[in-house]
J.: 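Here you go, one structure.
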Amino acid sequence: MDGQTWESEQFERQRPRLQAVAYRMLGSVTDAEDAVQEAWLRLTRSHTETIDNLGGWLTTVVGRVCIDMLRARKSRREDPFDDWLPEPVVAGDKPADPAEEALLADSVGLALLVVLETLSPPERLAFVLHDTFDVPFDEIAPIVQRTPEATRQLASRARRRIRGTAPEPDADLSRQRRVVAAFLEAARAGDFEALLEVLDPDVVFRAYAGGLPGLVRPRVEGGEEVARYTAIQGPIFAHRCHPAIVNGDAGLVILEGERRLGAVAFTVNAERILTVDLVLDADEVAAAGLAG
């Protein structure tokens with residue numbers, strides 16, 4: 001086996017983990033793929049015989065690339081925390097086998113990604129690598145250019161922020177599905193009272209429509225406000241919604257024929273919906289003739 005073949009095989013073994021790190025860092029499947037591809041290009045230009053721990057080396061490279069991409073993203077926005085929402089990962093409503101369902105259940109929820117977006121890039125990386133992938137602080141420290149103790153503090157600050165603002169979903173996927181199904185039925189009927197039954201009093205509705213400003217309200221808060229908005233606007237898209245797994249939790253995918261117009265992610269706990277995140281694909285919505 002020549003060196004290039006060995007590099008390629010070793011890299012492919014690491015790819016799922018690298019992709020998971022990059023997605024948690026960037027909240028975008030496309031950007032995550034770009035970060036992982038950049039790591040591959042850097043690997044091909046390196047002397048692999050000098051790399052003792054290839055997995056650690058690649059994780060370091062992906063981490064640094066993600067930090068650079070986050071900083072570039074924030075510098076391009078006048079308001080870095082405007083109505084942008086992370087890109088959802090959508091799977092079928094019924095995974096093929098228990099192993100696939102377990103993998104999806106381990107996915108990071110969209111609501112958590114929204115909170116991660118409010119962290120500084122170093123805080124985000126310290127939290128993601130340590131709390132999600134068990135990378136020691138002394139290995140994270142050089143990536144964020146801090147001491148191990150300072151890196152520990154970055155992760156601690158991130159953890160406190162997340163615990164205070166990122167709601168925990170119900171671990172039972174069947175209960176999630178039941179609540180989401182009740183929400184969808186009520187939204188299709190425009191039933192305000194039925195919507196109130198499944199929405200938490202402090203529910204938060206967030207929406208992102210890309211380059212289609214004005215198509216949806218970016219944020220609505222409170223059970224009555226979200227129920228009222230959904231009862232009025234929900235029927236426009238609700239009949240196009242179908243059950244799906246969105247970032248590991250029960251959600252909805254919005255279809256127009258073969259076109260995927262977007263997805264809806266939920267955080268469900270104690271039989272109530274805590275967050276609703278609607279992400280529309282601007283190009284697909286426009287192509288379906290629904291933008292105007």
Side-chain angles (χ1 to χ4, degrees), residues 7-46 48 51 53-77 80-81 84-91 103-137 139-146 151 154-155 158-159 161-162 166 208 210 245-249 263 265 277 279 281:
E7 285 178 4
S8 178
E9 289 186 356
Q10 294 300 312
F11 182 82
E12 289 305 317
R13 290 179 184 176
Q14 297 289 334
R15 183 186 289 275
R17 183 175 186 272
L18 298 174
Q19 186 80 16
V21 169
Y23 177 68
R24 284 161 173 77
M25 283 296 297
L26 301 170
S28 164
V29 175
T30 303
D31 288 349
E33 290 171 349
D34 289 344
V36 172
Q37 182 62 22
E38 177 62 23
W40 164 247
L41 293 175
R42 294 189 187 187
L43 179 64
T44 62
R45 298 194 295 263
S46 301
T48 54
I51 301 174
N53 179 353
L54 183 62
W57 186 91
L58 287 168
T59 299
T60 296
V61 171
V62 167
R64 287 173 174 162
V65 170
C66 287
I67 284 180
D68 290 342
M69 292 175 72
L70 283 175
R71 287 171 173 160
R73 176 193 293 171
K74 293 177 187 299
S75 69
R76 289 194 301 267
R77 296 180 187 165
F81 310 122
W84 183 86
L85 285 176
E87 179 185 353
V89 177
V90 181
L103 178 63
L104 290 169
D106 193 45
S107 300
V108 60
L110 210 68
L112 175 57
L113 286 174
V114 170
V115 179
L116 289 179
E117 186 68 13
T118 69
L119 304 177
S120 71
E123 287 174 339
R124 188 166 183 167
L125 185 67
F127 174 81
V128 167
L129 289 185
H130 182 267
D131 286 46
T132 308
F133 296 96
D134 297 320
V135 178
F137 287 120
E139 294 181 19
I140 304 171
I143 310 176
V144 295
Q145 299 180 319
R146 304 285 205 287
T151 304
L154 288 175
R159 204 175 298 121
R161 181 86 62 85
I162 289 164
Y208 177 65
I245 301 297
V246 181
N247 286 65
D249 294 318
D277 291 305
V279 183
D281 185 317

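Both backbone and side-chain heavy atoms feed into the values below; hydrogens, waters and symmetry mates do not. Numbering starts at 1 and runs along the sequence shown.
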J.: Look only at the side chain of E87 and the backbone of G27, and say whether a donor-acceptor pair between them is shorter than 3.5 Å.
T.: no
J.: So do V144 and L154 actually touch side chain to side chain, heavy atoms under 4.5 Å?
T.: yes
J.: Measure the shortest side-chain to side-chain distance between L110 and V279 over non-hydrogen atoms and say whether it is less than 4.5 angstrom.
T.: yes
J.: What I'd like to find out is whether the side chain of P122 reaches to under 4.5 Å of the side chain of R146, using heavy atoms alone.
T.: yes
J.: Mind listing the closest non-hydrogen atom pair of H130 and V135 along with its distance?
T.: CD2-O, 3.4 Å
J.: Keeping the roles fixed (side chain from T44, backbone from L41), state whether a donor-acceptor pair exists under 3.5 Å.
T.: yes
J.: So which heavy atom on F127 is nearest to which on A158, and how close?
T.: CB-CB, 3.7 Å
J.: Look at the aromatic rings of F11 and W40 and report parallel, tilted or perpendicular, splitting at 30° and 60°.
T.: tilted
J.: For residues C66 and L125, determine if any side-chain heavy atom of one lies less than 4.5 Å from a side-chain heavy atom of the other.
T.: no
J.: Minimum heavy-atom separation for L112 to A166, with atom names?
T.: CD1-CB, 4.1 Å
J.: Shortest non-hydrogen contact from A39 to L58?
T.: O-CD2, 4.2 Å
J.: Flag the pair I143 / L129 as yes when at least one side-chain heavy-atom distance between them is below 4.5 Å, and no otherwise.
T.: yes
J.: Kindly indicate whether the side chain of R24, heavy atoms from C-beta on, has any atom under 4.5 Å from the side chain of F133.
T.: yes
J.: Among R17, E139, R64, which residue satisfies the side-chain hydrogen bond (donor to acceptor under 3.5 Å, both in side chains) criterion with T59?
T.: R17
J.: Checking D31 now: which residues fulfil salt bridge (charged side-chain N to carboxylate O under 4.0 Å, His left out) with it, not counting sequence neighbours?
T.: R73
J.: Between A265 and V246, which heavy-atom pair has the shortest distance, and what is it?
T.: CB-CG1, 3.8 Å
J.: Please name the pair of heavy atoms, one in D249 and one in G109, separated by the smallest distance, quoted to 0.1 Å.
T.: OD2-CA, 4.3 Å
J.: Got a sec, which residues hit salt bridge (charged side-chain N to carboxylate O under 4.0 Å, His left out) with R15, two or more places apart in sequence or on another chain?
T.: E12
J.: Give, for atom CD of E38 and atom CG of D34, the distance between the pair rounded to the nearest 0.5 Å.
T.: 9.5 Å
J.: Does the side chain of L116 reach to within under 4.5 Å of the side chain of L113, using non-hydrogen atoms?
T.: yes
J.: Within a strict 4.5 Å, meaning less than it, do heavy atoms of the V89 and V108 side chains meet?
T.: no
J.: My understanding is that only one of E123, R161, R124 makes a side-chain hydrogen bond (donor to acceptor under 3.5 Å, both in side chains) with T118; could you say which?
T.: R161
